[in-house]
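For the single chain, residues carry numbers from 1 onward in sequence order. Predicted, not measured: the structure shown is a model, and the values here were computed from it.
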Amino acid sequence: MNLTATVSTELIEADPKALALADAVIDTLHLPSDGIPVHDPATGQLIAHVPDLSSDDALHAVACADQAGHAWAGRTPRQRADALHAWYQLLVQNTEEIAHLISREMGKTLAESRGEVKYGTDFVRWYAEEAVRPSGDYRPAPDGAADILTRRSPVGLAVLITPWNFPLAMATRKIAPALAAGCPVVVKPATATPLTTYFAVQLAVQAGIPAELIQVITTSDSGAFSRSVLTDERVRKVSFTGSTPVGKQLLELAAKNVLRTSMELGGNAPLIVFDDADLERALEGTFAAKLRNGGQSCIGANRIYVQDGIADRFVSELTAHFARVPVGSGLGARTVLGALIDHRAVTQMHALTEDALARGAELLTGGHGYDSVGNFYAPTVLDRVHPDSRVVREEIFGPIAAIQRFSTEAEVISLANDTEFGLAGYVFSQDLDRALNVADQLQTGILGINQGVPSNAAAPFGGVKQSGLGREGGAEGLEEYQNVRFYNISRRTTG
């Protein structure tokens with residue numbers, strides 16, 4: 001079945017009013033006229049410059065944050081919570097401004113940007129609430145000669161390095177727990193999408209959070225930034241979201257001063273559809289897990305495994321869904337799939353598709369870019385993909401659904417675990433026992449069962465194997481910014 005001919009080659013343009021709102025928000029940031037350029041991925045248009053700061057600038061930011069952190073750590077949990085609640089309210093009040101800004105600099109649709117604002121603000125609200133629920137314990141020692149008291153304290157200055165694909169949520173997922181725990185932060189957003197971070201931090205200051213407490217550093221020399229900042233003795237924590245190779249480099253730098261680390265790294269998520277799955281539910285979940293954020297998500301469905309009995313129907317329906325997806329500017333009213341982040345991403349999609357076809361895959365829809373100035377790639381379905389294909393072995397980070405077929409449960413578990421990564425996985429089956437038993441055997445940190453978007457601010461997000469260490473979100477996310485202290489209180493027995 002080949003539905004390629006049904007794909008529209010007409011790209012949807014941005015709505016002028018949406019463009020105007022996004023640009024009005026950029027004007028409020030009072031950015032320099034030169035520095036690091038920021039482009040709209042849908043048009044290639046230059047939309048702003050951000051400061052290109054040096055290692056000395058970064059160390060100055062470390063000094064400022066460290067100094068402000070002493071007073072912040074001394075605030076009561078309630079005072080820190082109140083400040084975070086005030087920030088949350090301002091973020092919510094500016095939902096449309098933030099969403100338009102995200103779509104302008106990152107390329108995703110307004111609907112998805114609004115969803116990210118909801119997701120990102122949830123972290124601020126969650127950690128405002130967690131701030132007043134610090135964990136601790138008081139218990140007798142086994143020999144009865146002492147009491148054991150445990151308390152938590154701020155780990156210290158945290159360096160937070162965020163990616164471009166979720167510019168608000170990845171920032172708030174790190175900043176909010178750090179502030180709730182009493183830590184100052186230095187934030188380095190990706191140079192492709194720094195504007196959302198600048199705006200969010202501007203709102204934090206308006207909410208009453210000390211300006212010196214959150215330092216934003218943009219630089220074209222990430223390596224120099226990391227080498228200077230992570231070896232500074234005032235820094236006690238680094239949190240990074242990005243590729244596994246870069247994460248390994250940061251871990252080496254963090255080892256010098258034995259920093260606390262959180263690493264949310266690459267993914268290669270398996271999505272498994274069993275014969276007994278609810279077809280509509282599986283299609284809806286796969287569509288979301290694959291095309292959310294244009295496929296540019298570390299938990300995106302990378303390898304889609306469909307059992308033989310349902311495979312023909314599933315593949316036919318998924319192909320029809322993909323073929324109807326409107327493509328264009330994220331600020332277009334009808335757009336469902338926006339632009340990829342840059343031209344390199346488009347080139348990567350083409351290379352992955354060509355490699356899969358050369359190894360025997362069947363192209364059912366898509367498989368092409370567009371003759372435009374923007375960074376667009378058609379929603380693509382590849383069936384009967386060879387397991388040695390690059391699209392199976394590498395993280396796709398784009399709108400390509402790579403489908404393999406399987407026969408038995410044991411077979412698909414073996415295929416799903418055949419990767420160095422272990423961030424997320426998905427299982428679709430109406431047999432809950434089967435779904436849970438398979439999920440238990442998948443080597444991942446996150447499982448979506450009969451759904452394609454498992455992320456939640458109240459849940460611990462993170463992977464196993466080379467997908468990273470540490471957790472973000474949930475109560476566990478606060479603990480990443482806290483030290484556990486143990487007091488031994490001597491007891492004199494009587495009698």
Derivation of the ring pair (Phe, Tyr, Trp, His ring centres under 6.0 Å) call for Phe461 and Trp126: CA-CA 14 Å; Phe461 187 105; Trp126 174 264; over 10 Å; no

side-chain hydrogen bond (donor to acceptor under 3.5 Å, both in side chains) assessment of Lys188 paired with Ser222: CA-CA 9 Å; Lys188 190 188 86 62; Ser222 297; 3.3 Å; yes

Contacts of Gln89 that satisfy side-chain contact (heavy atoms from CB on, under 4.5 Å) - sequence neighbours left out: Gln93

Qualifying side chain to side chain donor-acceptor pair (under 3.5 Å) pairs, either residue in residues 285-295, two or more places apart: Lys108-Asn293

Non-neighbouring partners of His60 that pass side-chain contact (heavy atoms from CB on, under 4.5 Å), sequence neighbours left out: Cys64

Heavy-atom pair of closest approach, residues Thr172 and Gly120: OG1-O, 2.8 Å

Intermediate values then yes/no, salt bridge (charged side-chain N to carboxylate O under 4.0 Å, His left out), Lys17 and Asp15: CA-CA 6 Å; Lys17 291 183 179 179; Asp15 178 85; over 6 Å; no

Sidechain-backbone polar pair: His49 side chain, Ser33 backbone, donor-acceptor under 3.5 Å: yes

Check: Arg236/Asn483 side-chain N/O donor and acceptor closer than 3.5 Å: no

Sequence neighbours left out, cut at 3.5 Å: what donor-acceptor pairs do the side chains of residues 18-27 make with other protein atoms?
| unit_1 | atom_1 | unit_2 | atom_2 | d |
| --- | --- | --- | --- | --- |
| Asp23 | OD1 | Arg104 | NE | 3.0 |
| Asp23 | OD1 | Arg104 | NH2 | 3.2 |
| Asp23 | OD2 | Arg104 | NH2 | 3.3 |

Derivation and outcome, side-chain contact (heavy atoms from CB on, under 4.5 Å), residues Val117 and Asn94: CA-CA 9 Å; Val117 175; Asn94 286 271; over 6 Å; no

Asn375 side-chain N/O to Ala339 backbone N/O, donor-acceptor pair under 3.5 Å: no

Under the ring pair (Phe, Tyr, Trp, His ring centres under 6.0 Å) test, residues paired with Tyr377 that sit two or more places apart: none

Pairs touching residues 59-78 that satisfy salt bridge (charged side-chain N to carboxylate O under 4.0 Å, His left out), sequence neighbours left out: none

Quick one: side chains of residues 464-476, donor-acceptor pairs under 3.5 Å with protein atoms, not counting sequence neighbours, listed by atom name and distance.
| unit_1 | atom_1 | unit_2 | atom_2 | d |
| --- | --- | --- | --- | --- |
| Lys465 | NZ | Asn417 | O | 3.4 |
| Lys465 | NZ | Thr419 | O | 2.7 |
| Lys465 | NZ | Gln443 | OE1 | 2.8 |
| Gln466 | OE1 | Lys248 | NZ | 2.8 |
| Ser467 | OG | Gly266 | O | 2.6 |
| Ser467 | OG | Gly422 | N | 2.8 |
| Ser467 | OG | Leu423 | N | 3.2 |
| Arg471 | NH1 | Gly463 | O | 3.2 |
| Arg471 | NH2 | Gly463 | O | 3.4 |
| Glu472 | OE1 | Arg173 | NE | 2.9 |
| Glu472 | OE1 | Arg173 | NH2 | 3.1 |
| Glu472 | OE2 | Lys174 | NZ | 2.7 |
| Glu472 | OE2 | Ser239 | OG | 3.1 |

Intermediate values then yes/no, side-chain hydrogen bond (donor to acceptor under 3.5 Å, both in side chains), Lys118 and Thr95: CA-CA 8 Å; Lys118 173 65 169 63; Thr95 290; over 6 Å; no

Passing candidate, side-chain contact (heavy atoms from CB on, under 4.5 Å) with Leu265, options Thr244, Leu250, Leu251: Thr244

Report all side-chain donor-acceptor pairs from residues 212-219 shorter than 3.5 Å, counting only partners two or more places apart or in another chain.
| unit_1 | atom_1 | unit_2 | atom_2 | d |
| --- | --- | --- | --- | --- |
| Gln215 | NE2 | Glu212 | O | 2.9 |
| Thr218 | OG1 | Pro51 | O | 2.5 |
| Thr218 | OG1 | Tyr198 | OH | 2.9 |
| Thr219 | OG1 | Leu53 | O | 2.9 |
| Thr219 | OG1 | Asp221 | N | 3.1 |

Neighbour count >12 (heavy atoms, 6.0 Å) for atom CD, Gln202: yes

Backbone of Ala269 reached by a side-chain donor or acceptor of Asn302 within 3.5 Å: no

side-chain contact (heavy atoms from CB on, under 4.5 Å) partners of Ile12, counting only residues at least two apart: Pro326, Arg334, Thr335

Intermediate values then yes/no, ring pair (Phe, Tyr, Trp, His ring centres under 6.0 Å), Phe166 and Tyr119: CA-CA 10 Å; Phe166 291 93; Tyr119 181 47; 7.1 Å; no

Give the table of side-chain donor-acceptor pairs shorter than 3.5 Å for residues 149-157, with sequence neighbours excluded, one pair per line with atom names and distance.
| unit_1 | atom_1 | unit_2 | atom_2 | d |
| --- | --- | --- | --- | --- |
| Thr150 | OG1 | Asp137 | N | 3.0 |
| Arg152 | NE | Ser135 | OG | 2.5 |

Pairwise salt bridge (charged side-chain N to carboxylate O under 4.0 Å, His left out) hits with a residue in residues 225-234, at least two apart: Asp232-Arg234

Residues, nucleotides or ligands: over 12 heavy atoms within 6.0 Å of Glu13 CD: no

Whether over 12 other heavy atoms sit under 6.0 Å from Arg485 CZ: no

Side chain to side chain donor-acceptor pair (under 3.5 Å) pairs, two or more places apart, involving residues 426-438: Asp276-Ser429, Glu409-Arg434

